[in-house]
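Dumping the structure here so I can ask a few things about it.
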Amino acid sequence: KRENMIKLYKLTDSCGKTLNGTQWGPGVSHSGTGEGELCGPGWIHAYEHPLVAVLLNPIHADFKNPRLWEAKGEIAIRDGQLKCGCKTLTTIREIPLPEITEEMRARFAILCAQHVCLRTCSTWKAWADKWLSGEDRSVEAAKAAAWASYDAAAWAAEAVAAAAYRPSWAAKAAAWAAEDAAAAVYRASWGKCCGMNLAAIAEKACAVSRK
């Protein structure tokens, strides 16, 4: 069993706790029954990449001041590339929480949405290209793109527009864009989630140097 253990990541609240007051810390293990759906009591949730954990936090646990832990476990169930479940998970050590800016979240949302079939929405595609290049990052353009598109694309544009006046909503919209894009690619590829690497997209989005 130990051979199947891999490095994973766990988010907790500021006190090191998760659902129902479950306490985590260095060398702490918790187990589920290994039965049922991923979001049920049978599985302990984890992430395969630290940036994905933080970027999706607004629509998952939504910890206000999260702490990030390096963990180990054996993946037995997955929600595509979004999160995974282990029957037993052990947190090894706390690690620094990646600092993610609103610009990084917006870029993440747009890059994810670009992996969905958006060829028919020329308005959105033109806006996304201009936003990514820095040519046009106006709220007005983002709103127009949101109205012209749907699903992941709309959420991506909403994330950009909301960042100007409602940051908490922008973070959720960016995460929803990623979730919708991953789900669309997953369905299109018959469960293989081909053509999209959420971790690589997160790294690309967050590697942008701040100006």
Donor-acceptor pair, Arg137 side chain versus Trp131 backbone, under 3.5 Å?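 Such a contact is found between Arg137 side chain and Trp131 backbone.
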Go through Lys10 and Glu70 one step at a time and tell me if the salt bridge (charged side-chain N to carboxylate O under 4.0 Å, His left out) criterion holds. CA-CA 7 Å; Lys10 181 73 175 174; Glu70 181 183 313; over 6 Å; no
Quick one: side-chain hydrogen bond (donor to acceptor under 3.5 Å, both in side chains) partners of Gln23, sequence neighbours excluded?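 Residues passing side-chain hydrogen bond (donor to acceptor under 3.5 Å, both in side chains) with Gln23: none at all.
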What residues, two or more places apart in sequence or in another chain, satisfy salt bridge (charged side-chain N to carboxylate O under 4.0 Å, His left out) together with Glu102?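 With sequence neighbours excluded, Glu102 shows a salt bridge (charged side-chain N to carboxylate O under 4.0 Å, His left out) to no residue whatsoever.
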Look at the aromatic rings of Trp155 and Trp176 and report parallel, tilted or perpendicular, splitting at 30° and 60°.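 Correct class here is tilted.
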Please identify each residue that fulfils salt bridge (charged side-chain N to carboxylate O under 4.0 Å, His left out) with Lys172, with sequence neighbours left out.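 So Lys172 forms a salt bridge (charged side-chain N to carboxylate O under 4.0 Å, His left out) with Asp62.
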Is Arg67 reaching over with its side chain to a backbone N or O of Ser14, donor-acceptor style, under 3.5 angstrom?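 Side chain of Arg67 to backbone of Ser14: a pair is present.
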Sequence neighbours excluded, which residues qualify as salt bridge (charged side-chain N to carboxylate O under 4.0 Å, His left out) partners of Glu48?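 Result, salt bridge (charged side-chain N to carboxylate O under 4.0 Å, His left out) vs Glu48: Arg78.
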Please list, one pair per line, the donor and acceptor atoms closer than 3.5 Å that link side chains of residues 31-40 to other protein atoms, with sequence neighbours excluded.
from: Ser31; atom 1: OG; to: Thr88; atom 2: OG1; distance (Å): 2.6
from: Thr33; atom 1: OG1; to: Glu35; atom 2: N; distance (Å): 3.3

Going hydrophobic residue to hydrophobic residue with side-chain gaps under 4.5 angstrom, can you get from Val28 over to Trp69?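 Shared cluster, no.
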Does Asp13 reach the main-chain N or O of Lys17 with its side chain, forming a donor-acceptor pair under 3.5 Å?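 Yes, the answer is positive, given that a donor and an acceptor are paired below the 3.5 Å cut-off.
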Just checking, is any N or O donor in the side chain of His49 or Glu203 under 3.5 Å from an acceptor N or O on the other one?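 Distance-only check passes for His49 and Glu203.
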Euclidean distance, Asp79 CG relative to His45 NE2, rounded to 0.5 Å: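 Output value for this atom pair is 9.0 Å.
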For the side chain of Trp124 and the backbone of Ala153, is there at least one donor-acceptor N/O pair under 3.5 Å apart?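 Looks like yes, one N/O pair under 3.5 Å.
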Sequence neighbours excluded, which residues qualify as side-chain hydrogen bond (donor to acceptor under 3.5 Å, both in side chains) partners of Thr22?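 Residues passing side-chain hydrogen bond (donor to acceptor under 3.5 Å, both in side chains) with Thr22: none at all.
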Cluster question for you: counting only ILVMFWY and a side-chain heavy-atom cut-off of under 4.5 Å, with indirect links fine, are Ile77 and Leu89 together?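 Ile77 and Leu89: separate clusters.
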Are Ile95 and Phe63 joined in one hydrophobic group, where the rule is that I, L, V, M, F, W and Y side chains link up if heavy atoms are under 4.5 Å apart?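 Cluster IDs for Ile95 and Phe63 match.
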Return yes if some donor-acceptor pair links the side-chain N/O of Thr91 with the main-chain N/O of Gly25 below 3.5 Å, else return no.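 Yes.
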Is the side chain of Gln81 donor-acceptor paired with the backbone N or O of Met196 at a distance under 3.5 Å, no angle test?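 At least one qualifying donor-acceptor pair exists.
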